[in-house]
Amino acid sequence: MSAKPAVLLIGGVDPQGCAGLTADIQTVSHHDCHPVPLVTALTEQRSDGLVNLGALSAEAFLTQYESCVADFDIAAIKIGLIPDRHIADCIVKIVERHQVPVILDPVLAASSGGLSIEPEVSEIIRKQLLGKITLLTPNLPELGRLSAEVQPMELAAQQLLNEGLAACLVKGGHAETAFATDYFSSAQTTFYVYQPRLKNQVRGTGCVLASSIASQLALGHDLRDAIILAKAYLTRGIRDANQQGPYHLVTHHRHPLTISDIPRLCYRADLIGKHFDFPACPKNLGVYPVVDSADWVERLLTIGVKTIQLRIKDKATAKTRSEIFDAVATSQQHHEVSFFVNDHWQMAIEAGAYGVHLGQEDLHDANLLEIEQSGLRLGVSTHSYWELARALALNPSYIALGPVYPTTSKQMPWAPQGIERLQQWQSILADQYPLVAIGGIDVPRARILKQTGVNSVAMISAITQADDYQSVTRELVHLWADHHL
Ligand SMILES: Cc1ncc(COP(=O)(O)OP(=O)(O)O)c(N)n1
Ligand SMILES: Cc1ncsc1CCOP(=O)(O)O
Ligand SMILES: [Mg+2]
């Protein structure tokens with residue numbers, strides 16, 4: 001059995017075992033990582049507040065650190081309570097020694113109050129730590145403390161990025177909004193992740209979120225996926241919280257992800273919580289050829305294909321337009337056909353197509369409200385968890401996952417997703433969204449994918465590059481004919 005990735009957990013001990021290192025250790029263990037605790041403080045706290053920070057001496061802290069790293073390679077670091085400037089200085093040196101992801105959950109302003117950390121700690125964090133870490137996860141009061149109370153949170157986060165921080169996830173959990181919303185900001189992107197607010201007041205949630213993100217990074221996920229997976233883990237843990245004395249505590253378990261665990265992701269504050277209502281399409285879209293001309297649409301509908309997409313990439317606007325109009329007209333001459341237009345959503349609306357298919361980049365440029373109002377179905381591409389979170393926010397007509405196998409039809413930055421990922425998407429989406437598999441699918445692979453229960457298989461080259469496209473298409477249609485009867 002291979003060794004679990006070791007996550008160095010730098011933080012304080014809560015003697016009641018609710019927050020701090022105890023929560024960190026439980027979280028990391030439940031992610032199949034190995035927790036390596038490095039104690040900064042032996043706090044004294046109970047339900048009526050924190051009475052003593054109990055900082056360790058710098059010497060004791062560093063001696064402990066040498067043991068922590070003596071026998072393991074550290075794969076990620078999570079930092080929580082930094083009780084004073086001496087420990088802060090030591091942590092700066094430790095972070096400099098490791099070229100691994102570092103998550104800093106700055107315990108500067110506990111929601112329960114009663115905590116007073118000397119201002120020098122904030123200064124060291126700001127001037128010496130921020131430029132060395134992967135992600136900062138402040139709550140709103142902590143963001144205020146670190147940004148000299150700049151408002152609104154988007155500007156405060158931007159200010160920290162300007163000072164050298166790579167990425168910030170502001171936790172808006174305690175704000176008085178209908179949805180519990182966090183705000184992510186980095187040099188590359190900004191977005192909101194939101195979920196319906198859960199009523200339970202649960203202890204240690206910040207520790208669990210940051211430790212979960214650190215674990216997901218240690219396991220090899222990229223930062224955006226790590227955030228989505230950690231949010232999902234925390235949501236479930238809060239929803240199933242258990243009562244311990246006067247507290248509610250996060251429940252840790254490893255059940256497979258469900259659709260309600262996954263947060264929704266959007267790029268605009270005014271769309272947080274917006275309920276989109278794209279019409280449904282047939283659940284089993286079946287064999288779904290993706291072609292580049294109206295002629296191909298005609299040929300394949302004649303053979304009996306029921307779902308088809310026109311994907312034109314390199315034609316002049318006038319030609320694209322006439323192809324789309326011709327293809328819509330053809331699709332309307334055939335019975336019960338679901339005809340989607342790729343990318344060109346405005347022309348799809350004008351021509352009266354059945355639906356549009358948009359990738360994540362296309363979603364940025366498209367007017368989603370206009371597409372919704374036009375009554376067109378919407379299909380959305382996904383290649384990762386954060387893209388799934390984005391797709392779910394739109395409540396689309398179907399969700400596509402790809403490339404399932406290596407493809408030669410398009411250059412893509414994503415590795416093939418594989419059948420295991422497809423099956424995971426299938427179980428997450430359950431019966432709520434049709435799932436379309438795309439990428440490298442030919443007849444033998446379609447036969448294999450059929451066993452997974454996926455609702456549809458989309459393909460370009462297997463049909464358009466075939467020596468005999470008619471027999472290949474007939475075989476695929478026949479193969480899928482009794483699907484989910
Ligand atoms: C059914 C289906 N799934 C995925 C895609 C890819 O769409 P997108 O990510 O927008 O990439 P392009 O096709 O525009 O290159 C698709 N077209 N159809
Ligand atoms: C457009 C697209 N999106 C994901 S894979 C892919 C190409 C699919 O083509 P092929 O079926 O030839 O692999
Ligand atoms: Mg596209």
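All values derive from a computational prediction rather than experimental measurement. Whatever order the structure lists them in is the order used to number ligands and atoms, beginning at 1. We number each residue from 1, following the sequence as shown.
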Protein contact of atom 2 (C) of ligand 2 - nearest heavy atom, named by residue and atom, plus distance:
I438 CD1, 3.8 Å
Taking the inter-plane angle between the rings of Y267 and F191 on a 0 to 90° scale, is it parallel (under 30°), tilted (30 to 60°) or perpendicular (over 60°)?
perpendicular
Can you tell me if D431 has over 12 outside heavy atoms packed within less than 6.0 Å of its CG?
no
Top protein contact for atom 12 (O) of ligand 2, by heavy-atom distance
S409 OG, 2.4 Å
Within the 4.0 Å heavy-atom shell around G440, which atoms of ligand 2 are there?
10 (P), 11 (O), 13 (O)
For atom 9 (O) of ligand 1, what's the nearest protein heavy atom and its distance?
S381 OG, 3.0 Å
For ligand 2, which atoms have a heavy atom of M459 less than 4.0 angstrom away?
11 (O)
Below 3.5 Å, can you tabulate the donor-acceptor pairs from side chains in residues 401-411 to any protein atom, sequence neighbours excluded?
{"unit_1": "T407", "atom_1": "OG1", "unit_2": "S409", "atom_2": "N", "d": "3.1"}

Any M412 heavy atom less than 4.0 Å from ligand 2:
yes
Count, excluding waters, the protein N, O or S atoms that are closer to the Mg ion (ligand 3) than 2.8 Å.
2
Check whether any heavy atom of S461 sits under 4.0 Å from an atom of ligand 2.
yes
Please could you name the atoms of ligand 1 that R311 approaches to less than 4.0 Å, counting only its heavy atoms?
12 (P), 13 (O), 15 (O)
Taking the six-membered ring for Trp, is the centroid-to-centroid distance between Y398 and H357 below 6.0 Å?
yes
With heavy atoms and a 4.0 Å threshold, my read on which part of Y288 contacts ligand 1 is side chain
So, is T407 polar-close to ligand 2, with some N/O to N/O distance under 3.5 Å?
yes
Are the side chain of S397 and the backbone of C281 linked by a donor-acceptor contact shorter than 3.5 Å?
no
For atom 5 (C) of ligand 1, find the nearest protein heavy atom and state the residue, atom name and distance (0.1 Å precision).
H357 NE2, 3.2 Å
Is the distance between the ring centroids of W425 and Y385 less than 6.0 Å?
yes
Considering only protein heavy atoms, which is closest to atom 11 (O) of ligand 2, and at what distance to one decimal place?
I460 N, 2.8 Å
Counting non-hydrogen protein atoms only, what is the nearest one to atom 11 (O) of ligand 1? Give residue, atom name and distance.
K410 NZ, 2.7 Å
Counting heavy atoms only, name the option from D362, L363, V380 that's nearest to atom 10 (O) of ligand 1.
D362
Is it the case that more than 12 heavy atoms not belonging to K315 sit under 6.0 Å from its NZ atom?
yes
Give a yes or no answer on whether the side chain of E387 reaches the backbone of H383 with a donor-acceptor pair at less than 3.5 Å.
yes
Count the heavy atoms belonging to other residues, nucleotides or ligands that lie under 6.0 Å from CG of D73, then report whether that count exceeds 12.
no
Sub-3.5 Å donor-acceptor pair from the side chain of N455 to the main-chain atoms of L435, do we have one?
yes
Using a strict 4.0 Å threshold on nitrogen-to-oxygen distance, state whether D105 and K171 make a salt bridge.
yes
Does the ring center of F339 lie less than 6.0 Å from the ring center of Y354?
no
Check K313 against ligand 1 and report side chain, backbone, both or neither, counting heavy atoms closer than 4.0 Å.
side chain
Counting only heavy atoms not in H335 (residues, nucleotides, ligands), do more than 12 fall under 6.0 Å from its NE2?
no
Show me which atoms of ligand 1 lie under 4.0 Å from any heavy atom of Q309.
1 (C), 2 (C), 16 (C), 17 (N), 18 (N)
Can we call the ring centroids of Y233 and H31 under 6.0 Å apart?
yes
